[in-house]
Enquirer: 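One structure coming up, written as structure tokens, with questions to follow.
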Amino acid sequence: MSLEYSNFINGQWVPARSGATFSRENPATGENTGSYPQSSAEDVAAAVCAAGEAARGWRRTPAPKRAEILFRAAELLVRRKEEFARDLTEEMGKVIAEARGDVQEAIDMTYYMAGEGRRQFGQTTPAELPDKFAMSLRAPVGVVGLITPWNFPMAIPSWKIMPALILGNTVVFKPSQFSPKSAHNLVKTLEEAGLPPGVLNLVHGSGSTTGAALIEHPDVRMISFTGSNAVGKQIAVRCAELGKQVSLEMGGKNAITILDDADLDLALDGVVWSAFGTTGQRCTAASRVIVQSGVHDAFAEKLVARTKKLRLGNGLDNATDVGPVVNKDQLDKVASYIPIGRGEGATLLCGGNVAKGDGLNGGYFFEPTVFANVKPSMRIAQEEIFGPVTALIKVDSLEEAVEVNNGVPYGLSSSIYTRDVNQAFRAIESLDTGIVYVNAGTIGAEVHLPFGGTRGTGNGHREAGTAALETFSEWKSVYVDYSGRLQRAQID
Ligand code: NAP
Ligand code: MG
């Protein structure tokens, strides 16, 4: 049975005007998980128009009242967590425990941003002149367009939708074609929580058509995008031409550094979790492990033994450690890096194949893979693979580890394992990434801290925490002169 889902425009669940649809399959089994509107520029225009019309009322709704809707949405998400987690696993493959975490992150973000309904602090400050008052206020940007990937299909949309809404923006949301059900679940929850029509609109469809139409629409003031560097760059160029604000969260090539004095078993847990959790399909995945020479061989041996024990399978099965990759293209991409790594002289320690066997043949499974003898300049050490593949790089010192860590085009997350507090603080200072972990892997961000990265990972914005408020609002500086005469700043 194939379920049919709709767009959400101006408070109505509607098909694409053309009637076109696309369907999504479960990457573990190949089963159809639903069909969705393949939206055209016309559908996008209807959604932008609805968001534009809703903008005045929403911006004038007191922020604490907006917050009550978010708070109710968070309560509903809590109640539906298990159902939404199962839907999420069925459409993009991550294991159920991690899917619950994905929904939990959306819950956390929704509560957190509901709290911002009573904060959104500006400043009051003395003015230069007598009988003059100065303050700064936050104002909404306007209609914002959100474009998101499939790997955190509840969490990432919530990082954008919740701050956008609490600040008084109205939204048109284009989720990934590979995780449309989770987008549906999130938007439906906000509808049921009482969001007025037009404030949040959902248009399903492909990036090249639906996403591009959203970027092109003249009434969309800002684009917030999470996805690959290649697409993000194109969007940045187009937004510059169109004079739009743009916030980009893109790829990573994250590393865990293990120094000679580290607790090796603790580091092993962190590496396995960070490299193979979400089947390596996290922007913060540890696809490089930089190991100091004194412990390199011992660590490699432990890592291979543990990796070989990981059980592949359907993410709904509680015994599964690693689910499928998201689709055929991604499977082919991951597989293509095995001959690339070998060709450049790296040693394949384990994995390296498309996985076949009982319960695996209907899906896109790839064996967890470890390469050793990897040089920092090799493609497997430079390019984002976005699959269950990690590369061991041997170094002699902390200084060399930092150089290797920073010697990639991305700067999202990094981690260091050491028992020496001096080394840890030196690393914190010199690792050029937006997120640094000490004695933990490269994944595990919390919603109240800024999230994002340097260099090829971003364009200077951060999501989550109070940083998200900067992205989704404009500052308005207000001067009230109550002197009753002309007072000239910088002159009188
Ligand atoms: P992607 O291929 O770049 O797609 C991201 C989104 O952009 C999807 O909704 C996609 O639509 C849409 N899109 C594609 N081409 C477009 C275009 N020309 N115009 C407008 N929209 C377009 O990325 P993905 O494969 O979904 O996700 C994986 C990537 O996301 C990885 O690089 C990963 O590192 C990155 N990521 C980054 C973060 C972070 O916060 N830094 C977090 C998670 C993931 P369709 O795919 O539906 O066609
Ligand atoms: Mg893609």
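In what follows, residues are counted from 1 in the order of the sequence shown. Every number for a ligand or one of its atoms is a count from 1 in the order of the listing.
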Enquirer: What part of Q234, side chain from CB on, backbone N/CA/C/O, both or neither, has a heavy atom under 4.0 Å from ligand 1?
Expert: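 Looking at Q234 and ligand 1, just side chain atoms fall under 4.0 Å.
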Enquirer: Just to check, does F386 reach to within less than 4.0 Å of ligand 1 when the distance is taken from its heavy atoms?
Expert: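 In this structure, F386 qualifies as a contact of ligand 1 - some heavy atom is under 4.0 Å.
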Enquirer: Indicate yes or no: does an N/O atom of T148 lie under 3.5 Å from an N/O atom of ligand 1?
Expert: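 Yes - when backbone and side-chain N and O of T148 are compared with those of ligand 1, one distance drops under 3.5 Å.
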Enquirer: Between R138 and E474, does at least one N-O distance fall below 4.0 Å, as a salt bridge requires?
Expert: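 No salt bridge links R138 with E474.
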Enquirer: Give a yes or no on whether a salt bridge exists between R306 and D269, defined as a side-chain N under 4.0 angstrom from a carboxylate O.
Expert: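 Yes, charged N to carboxylate O under 4.0 Å.
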Enquirer: Atom CD of residue position E82 - does it have more than 12 heavy atoms of other residues, nucleotides or ligands inside 6.0 Å?
Expert: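 Check passes, neighbour count above 12.
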Enquirer: Are any of the N or O atoms of W150 closer than 3.5 Å to those of ligand 1?
Expert: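 The answer is yes, given that W150 and ligand 1 share an N or O pair closer than 3.5 Å.
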Enquirer: For R119, does the CZ atom sit with more than 12 other heavy atoms under 6.0 Å from it, leaving out its own atoms?
Expert: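 Yes - once you tally the heavy atoms of other residues, nucleotides and ligands closer than 6.0 Å, there are more than 12.
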Enquirer: Which of the atoms in ligand 1, numbered in the order shown and given with their element, are less than 4.0 Å from a heavy-atom of S206?
Expert: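 Answer, ordered by atom number: 48 (O).
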Enquirer: Could I get the full list of side chain to side chain donor-acceptor pair (under 3.5 Å) partners for E105, not counting sequence neighbours?
Expert: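 Testing E105 for side chain to side chain donor-acceptor pair (under 3.5 Å), a comparison that skips the adjacent residues, returns W159.
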Enquirer: At a 4.0 Å threshold, what atoms of ligand 1 neighbour a non-hydrogen atom of N151?
Expert: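 Counting from 1, the qualifying ligand atoms are 43 (C), 44 (C).
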Enquirer: Give the numbers and elements of all ligand 1 atoms closer than 4.0 Å to a heavy atom of A212.
Expert: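 This gives 19 (N), 20 (C) as the contact atoms.
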Enquirer: Going by heavy-atom distance to atom 21 (N) of ligand 1, choose the closest among C283, G458, G207.
Expert: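 Answer by nearest heavy atom: G207.
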Enquirer: Report the part of I147 in contact with ligand 1, treating N, CA, C, O as backbone and CB onward as side chain, heavy atoms under 4.0 Å; options are side chain, backbone, both, neither.
Expert: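 Within the 4.0 Å criterion, I147 contacts ligand 1 through side-chain atoms alone.
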Enquirer: Check R379 with E344, please: is the shortest side-chain N to carboxylate O separation under 4.0 Å?
Expert: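 Looking at R379 together with E344, the answer is no, because their closest N to O distance does not fall below 4.0 Å.
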Enquirer: Using a strict 4.0 Å cut-off to heavy atoms of Q177, name the atoms of ligand 1 that fall inside it.
Expert: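 Ligand 1 atoms under the 4.0 Å threshold to Q177: 45 (P), 47 (O), 48 (O).
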Enquirer: Check this for me, if you would: do R80 and E83 make a salt bridge, where the nitrogen-to-carboxylate-oxygen distance has to be below 4.0 angstrom?
Expert: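 Judged by the 4.0 Å cut-off on N to carboxylate O distance, R80 and E83 do not form a salt bridge.
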Enquirer: Mind telling me whether W13 and H184 have parallel, tilted or perpendicular rings, with 30° and 60° as the class edges?
Expert: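 If you compare the ring of H184 with that of W13, the planes turn out tilted.
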Enquirer: Does one side chain, of N314 or T320, offer a donor that lies under 3.5 Å from an acceptor on the other?
Expert: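 No pair is found: no donor N or O on one side chain lies under 3.5 Å from an acceptor on the other.
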Enquirer: Does only the side chain of Q281 get under 4.0 Å from ligand 1, or the backbone, or both, or neither? Count heavy atoms.
Expert: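 Answer for Q281: neither.
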Enquirer: Heavy-atom contacts with S176 under 4.0 Å: which atoms of ligand 1 show up? List them by number with element.
Expert: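 Atoms satisfying the 4.0 Å criterion: 9 (O), 47 (O).
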Enquirer: Does the N or O separation between M250 and ligand 1 drop below 3.5 Å for any pair?
Expert: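 By distance alone, the answer is yes.
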Enquirer: In terms of atom number and element, which parts of ligand 1 are under 4.0 angstrom from non-hydrogen atoms of I215?
Expert: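 Answer for ligand 1: 19 (N), 20 (C).
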Enquirer: Looking at non-hydrogen atoms alone, which of F451, Y410, F225, W159 comes nearest to atom 7 (O) of ligand 1?
Expert: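 It is F225 that holds the nearest heavy atom.
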Enquirer: Output, in order, the C-alpha distance, side-chain angles, deciding distance and verdict of salt bridge (charged side-chain N to carboxylate O under 4.0 Å, His left out) for R238 and E216.
Expert: CA-CA 8 Å; R238 193 61 191 135; E216 294 298 322; 2.7 Å; yes
Enquirer: Check this for me, if you would: do D332 and K328 make a salt bridge, where the nitrogen-to-carboxylate-oxygen distance has to be below 4.0 angstrom?
Expert: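 The answer is yes: the pair qualifies as a salt bridge.
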Enquirer: Considering R462, K174, K233 one by one, which has a heavy atom nearer to atom 11 (O) of ligand 1 than any of the others?
Expert: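 Nearest option to atom 11 (O) of ligand 1, by heavy atoms: K174.
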Enquirer: Pick whichever of G227, A285, G251 has a heavy atom sitting closest to atom 35 (C) of ligand 1.
Expert: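 Considering heavy atoms of G227, A285, G251, the nearest to atom 35 (C) of ligand 1 sits in G227.
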Enquirer: Of all the atoms in ligand 1, which lie at a distance below 4.0 Å from a heavy atom belonging to I156?
Expert: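 Those qualifying, in numeric order: 42 (C), 43 (C).
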